[in-house]
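Before any comments, here is the structure.
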There are 4 protein chains.
Amino acid sequence: MITFENDYSCGAHPQVLRRLCETNLIPQPGYGFDCFSDSARQKILAACGCPGGEVYFLTGGTQTNAVVLSSLLKPWEGVVAAQTGHIHVHEAGAPEALGAKILALPEHAGKLEAAELRQLAATLLADENVEHMVYPGAVYLSHPTEWGTLYSRAELEAISAVCREFGMRLYLDGARLAYGLAARDTDVDLPLIASVCDAFYIGGTKCGALCGEAVVFPRQTPPHFINFIKKHGALMAKGRLCGVQFDVLFTDGLYYEIGRQGVETAEKLKKLLAKHRIPCFMDTPTNQQFAILENARYQALRERVPLSFWSKPDPEHTVARFATAWYTTDEYLKELDQLL
Amino acid sequence: MITFENDYSCGAHPQVLRRLCETNLIPQPGYGFDCFSDSARQKILAACGCPGGEVYFLTGGTQTNAVVLSSLLKPWEGVVAAQTGHIHVHEAGAPEALGAKILALPEHAGKLEAAELRQLAATLLADENVEHMVYPGAVYLSHPTEWGTLYSRAELEAISAVCREFGMRLYLDGARLAYGLAARDTDVDLPLIASVCDAFYIGGTKCGALCGEAVVFPRQTPPHFINFIKKHGALMAKGRLCGVQFDVLFTDGLYYEIGRQGVETAEKLKKLLAKHRIPCFMDTPTNQQFAILENARYQALRERVPLSFWSKPDPEHTVARFATAWYTTDEYLKELDQLL
Amino acid sequence: MITFENDYSCGAHPQVLRRLCETNLIPQPGYGFDCFSDSARQKILAACGCPGGEVYFLTGGTQTNAVVLSSLLKPWEGVVAAQTGHIHVHEAGAPEALGAKILALPEHAGKLEAAELRQLAATLLADENVEHMVYPGAVYLSHPTEWGTLYSRAELEAISAVCREFGMRLYLDGARLAYGLAARDTDVDLPLIASVCDAFYIGGTKCGALCGEAVVFPRQTPPHFINFIKKHGALMAKGRLCGVQFDVLFTDGLYYEIGRQGVETAEKLKKLLAKHRIPCFMDTPTNQQFAILENARYQALRERVPLSFWSKPDPEHTVARFATAWYTTDEYLKELDQLL
Amino acid sequence: MITFENDYSCGAHPQVLRRLCETNLIPQPGYGFDCFSDSARQKILAACGCPGGEVYFLTGGTQTNAVVLSSLLKPWEGVVAAQTGHIHVHEAGAPEALGAKILALPEHAGKLEAAELRQLAATLLADENVEHMVYPGAVYLSHPTEWGTLYSRAELEAISAVCREFGMRLYLDGARLAYGLAARDTDVDLPLIASVCDAFYIGGTKCGALCGEAVVFPRQTPPHFINFIKKHGALMAKGRLCGVQFDVLFTDGLYYEIGRQGVETAEKLKKLLAKHRIPCFMDTPTNQQFAILENARYQALRERVPLSFWSKPDPEHTVARFATAWYTTDEYLKELDQLL
């Protein structure tokens with residue numbers, strides 16, 4: 001059985017699982033005070049080039065976004081995001097459940113544009129009625145975006161400059177960051193992200209872990225952040241579970257290797273789709289590919305291989321998402337080739 | 001190195017871990033729609049004697065309490081709990097963060113009394129100012145309690161009767177349920193809990209899993225419960241992680257076996273404490289033992305073996321909690337014997 | 001001194017104030033259980049043609065929108081509104097503070113279009129990921145809109161039909177309803193509003209009262225609505241304050257008369273602007289007129305008469321809002337004529 | 001018709017109403033930027049001896065408590081209050097609706113004791129598990145209390161010292177402050193309250209206004225407080241309504257005169273109850289008197305004069321609250337004398 005439905009269809013990367021087995025019976029304190037979490041934190045901060053920062057482990061993306069944003073925002077502030085941002089579309093209102101309004105901007109291949117962000121902030125803060133409005137307190141980016149696209153270094157720096165100009169905190173959702181870091185022509189790496197962002201998370205769930213996301217505050221952690229985690233039900237008793245996993249992921253470059261596997265397979269997948277004359281909705285450099293299929297072909301294919309419905313560009317066609325990951329072997333592609 | 005600090009100091013029960021390894025590369029849908037979660041759900045409902053019920057998996061206790069209570073309560077209602085209830089004392093305000101006021105009652109060895117619950121509900125609902133007050137909409141029990149004590153069948157039935165009389169939902173926090181079910185003289189089992197409660201959870205994190213709690217709605221699930229889970233950041237992408245674990249825990253009686261191990265070790269621990277003339281604060285039938293130590297002895301001991309501070313019964317003494325679990329072997333006790 | 005800054009610049013309509021004086025020393029129960037509130041409720045329900053409905057008095061528009069919407073929405077639902085809707089733009093995040101996400105649609109002269117609403121609801125509810133999204137639970141309309149425009153009977157009926165089709169509740173913000181009911185060519189009256197809406201409010205603050213909005217549930221009131229009011233700090237101890245005022249407003253057609261005064265003055269104002277060759281941004285039939293002024297003229301005028309800044313259609317021009325009300329006499333217009 | 005049901009049974013003190021009439025047609029800006037609010041703010045700050053402070057007007061007590069406390073508390077903090085505190089008992093969960101947990105302490109004639117407060121704060125902050133708990137961030141006092149009792153200067157200073165020691169903010173609910181300031185033997189005045197509290201409110205609704213409470217921040221206002229007001233639906237468009245009223249209340253000592261009237265009548269009422277051999281539940285120096293009546297006598301009396309049910313000290317007796325106010329004339333007492 002193969003699947004392209006998403007990048008969390010299997011368990012953990014074998015090295016992650018092996019390490020969980022090795023460490024299983026070593027007693028450790030709870031709540032992230034274990035030695036594995038300590039080690040993982042050091043390795044992550046080193047990889048990000050911000051040894052003075054702090055790292056916290058949470059279990060999932062929606063949770064992480066909600067908890068971190070609520071810690072970054074003042075009660076009179078909201079968060080700017082692209083119309084297609086995960087927090088705006090696919091989190092069941094989790095940010096709003098913590099009181100955070102989302103100030104939506106147009107998306108450009110899933111991305112925010114610095115100029116539009118600047119315009120929004122300048123207009124809002126100059127509005128005579130601003131006390132009746134929600135202040136732009138933070139900016140949410142996803143990298144890779146929900147469309148699998150990537151910001152360039154220049155784009156991130158431009159957005160960061162707008163954030164500094166208007167006192168907004170910059171937050172980056174890296175649910176699929178491994179695949180972003182491994183893309184062919186990207187000029188964005190962890191130290192850059194750490195230098196432009198006030199907070200970001202390095203995704204584990206979609207990049208080789210059983211569960212877990214590593215939140216990084218490169219320079220300054222919101223006060224009492226651990227209380228935010230606990231208050232929102234996100235503090236794991238067995239913090240070691242995330243600690244052990246991220247410790248492996250950031251040993252000997254495993255996280256990058258996982259990203260590389262996903263992206264290479266996606267590149268092969270692109271060629272396979274082209275071979276079968278299936279156009280893509282847009283060119284994306286990471287592990288998600290969006291294919292345009294006639295409705296009948298989509299339905300037929302879907303019965304034989306799990307895919308994700310994405311959108312309807314017109315009544316006759318369907319955009320289907322094919323996701324690859326560390327577990328998507330060449331066997332998967334071979335079998336897909338026969339099914340297409 | 002040994003520890004009695006808590007019951008989540010090691011990883012997972014070896015059988016749980018083994019099954020995670022075996023199933024690791026079998027692709028499955030996300031969000032709990034995997035075959036392992038399905039299987040686990042069936043086994044849990046069978047064990048609870050409520051085949052028409054529903055089961056959902058969440059990752060931790062505080063999260064589970066907050067999400068389930070918020071789904072059980074109407075906006076004008078709060079939840080009754082003992083003064084010592086975990087939700088009232090050790091969840092950093094998580095229930096209140098979802099708008100739920102806790103109506104605290106006195107505790108009796110960590111337990112609520114049906115008569116006092118009845119008095120509270122009757123008084124509140126008869127109050128002429130009730131529209132300015134918080135209605136008692138649900139009752140929170142922990143079993144075992146925070147003091148390691150257990151309700152009897154008769155006590156649970158009496159509380160359940162009060163709940164039915166006043167239209168309150170009954171919710172039971174089973175973070176350490178394995179140890180409660182395995183206690184020597186208990187007459188409470190899963191089918192009883194399922195018959196008296198509107199919702200409860202079977203703890204995994206403290207009973208052999210890496211993480212995970214199984215929420216059971218024996219008869220009726222709150223509408224759109226999955227949205228509550230997602231909205232509060234508690235929906236796992238890799239739902240299989242909990243599914244696989246609970247599937248093992250409820251195969252061939254492993255969950256009960258884990259409880260038995262913890263309780264038997266606790267009984268041996270009791271004898272060891274007695275041998276060293278260390279009195280216990282109260283007699284508890286489960287895996288937590290609360291020893292009264294002179295302050296100096298407590299400090300000295302603590303430097304050599306991890307324990308939990310519990311309380312100060314008087315200025316000269318400290319109550320320390322010793323927790324056992326599935327991983328607390330006889331070696332642990334032998335080493336403790338030498339340290340005492 | 002004159003003002004066109006808004007429609008809440010003076011106190012109360014003299015008849016309202018007179019009645020407050022007359023009734024001042026008649027003791028009455030608190031919290032809306034007074035005889036004046038009773039009388040007002042009867043008169044309002046009669047005017048709306050829904051004698052079986054219920055009426056509650058709150059103090060302000062933002063409060064009313066937040067409390068009523070939170071009572072209409074289930075925890076998994078949000079509210080659809082136009083991009084320009086007051087709840088989306090000018091309430092400082094009050095709906096989100098109660099957990100309600102706003103699903104924004106394009107605006108057409110401040111109005112929602114039934115076809116776009118239908119499209120949104122149909123798309124959302126058919127989405128395979130809907131459990132990760134916010135359900136459209138209610139629709140927010142303002143009538144008059146923030147641009148002073150009005151829905152027609154046909155438009156309201158079309159929107160109402162979409163709401164019924166998709167199980168959404170329809171809520172209408174009538175902050176300036178008096179001026180809407182008094183517009184020249186409108187075919188919308190209170191009985192129509194009561195027949196198409198699940199809840200709406202009849203604005204007092206901007207229509208002759210010192211404060212106060214009358215919430216009408218024409219058919220069904222959300223359970224325990226009074227608890228919602230109290231829980232959100234909106235229950236007045238001296239409920240009589242709103243009761244007395246709305247009792248007068250709905251005696252002998254005063255509410256309509258107030259609307260008529262505001263609209264007639266606005267029509268004269270339109271002519272005055274035309275005489276001075278000042279174009280309007282759009283043609284609006286109610287008490288708000290939006291004039292396009294060169295920036296310098298706007299600044300100069302504003303120093304002599306209070307106006308509201310509205311927007312910048314281009315760098316050289318400013319849209320200024322002129323609001324009339326029951327207190328905007330011909331003297332006001334005469335003085336404005338000289339200032340223009 | 002007479003009433004002793006509460007202190008908000010009539011409209012406004014005649015001087016307040018007269019001034020509302022006089023100022024009715026003077027146009028003013030909205031949202032508290034009117035000249036009347038400015039004047040009232042100056043007079044209140046002068047009366048409090050804190051000219052550098054700030055004053056904001058809200059409409060009711062529950063709203064004020066919720067908004068101010070939410071602005072004083074950090075997300076990881078809760079508020080300490082007496083078991084009988086209004087916020088804990090009679091606000092339908094309004095503080096919790098904004099996420100604020102109440103840490104309840106025993107009451108002593110409705111009051112907190114400094115020593116118990118100190119013990120709570122010291123214990124909580126020294127707890128090894130404090131990150132899993134709610135920090136004590138603020139202290140809530142009511143003065144007069146719900147039992148009509150008063151703190152002494154020494155008691156307030158002791159509580160304030162504890163607050164400073166542990167970094168807690170002190171907040172005082174002065175819903176009935178006029179009657180507290182006018183009590184015979186009190187040594188508490190506005191400057192003392194301003195010197196010991198970080199925030200407090202001077203009640204209007206129960207002390208002569210149609211509605212309105214004046215929040216005073218004697219030294220430091222929480223940042224963006226006006227956004228808190230707006231976000232929680234408490235910002236009045238016609239801010240002048242509160243401004244005019246408080247301007248009168250703080251002109252020529254009217255607020256104190258209103259208090260004096262209420263207290264003097266309460267003293268006469270005490271004598272009247274004594275004459276009829278009706279004991280009081282406790283001796284209270286303000287405008288609320290709590291009489292113990294046999295049940296039958298209570299029922300009979302209540303049919304002839306509105307009273308408030310308070311509690312059942314034993315099955316045969318009822319405690320009834322008699323409230324006096326500025327409108328409780330000697331005629332009221334004469335009529336009551338005949339009814340007793």
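Values below: all heavy atoms of this structure, side chains included; hydrogens, waters and symmetry mates excluded. To find a chain, count down the sequence lines: A is the first, B the second, and so on, and within it residues start at 1.
Every ring pair (Phe, Tyr, Trp, His ring centres under 6.0 Å) that Phe225(C) has, sequence neighbours left out, goes to Tyr56(C), Phe217(C). Partners of Val89(A) by side chain to side chain contact (heavy atoms under 4.5 Å, CB included), not counting sequence neighbours, listed by chain and number: Met133(C).
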Go through chain A and chain C and list any donor-acceptor pairs closer than 3.5 Å, backbone and side chains both.
| from | atom 1 | to | atom 2 | distance (Å) |
| --- | --- | --- | --- | --- |
| His88(A) | O | Lys101(C) | NZ | 3.4 |
| His88(A) | ND1 | Lys101(C) | NZ | 3.1 |
| Glu91(A) | N | His132(C) | O | 3.1 |
| Ala92(A) | N | His132(C) | O | 2.8 |
| Glu96(A) | OE2 | Lys101(C) | NZ | 2.5 |
| Lys101(A) | NZ | His88(C) | O | 3.4 |
| Lys101(A) | NZ | His88(C) | ND1 | 3.1 |
| Lys101(A) | NZ | Glu96(C) | OE2 | 2.5 |
| Glu128(A) | OE1 | Arg302(C) | NH1 | 3.2 |
| Glu128(A) | OE1 | Arg302(C) | NH2 | 3.0 |
| Glu128(A) | OE2 | Arg302(C) | NH1 | 2.8 |
| His132(A) | O | Glu91(C) | N | 3.2 |
| His132(A) | O | Ala92(C) | N | 2.8 |
| Arg302(A) | NH1 | Glu128(C) | OE1 | 3.3 |
| Arg302(A) | NH1 | Glu128(C) | OE2 | 2.8 |
| Arg302(A) | NH2 | Glu128(C) | OE1 | 3.1 |

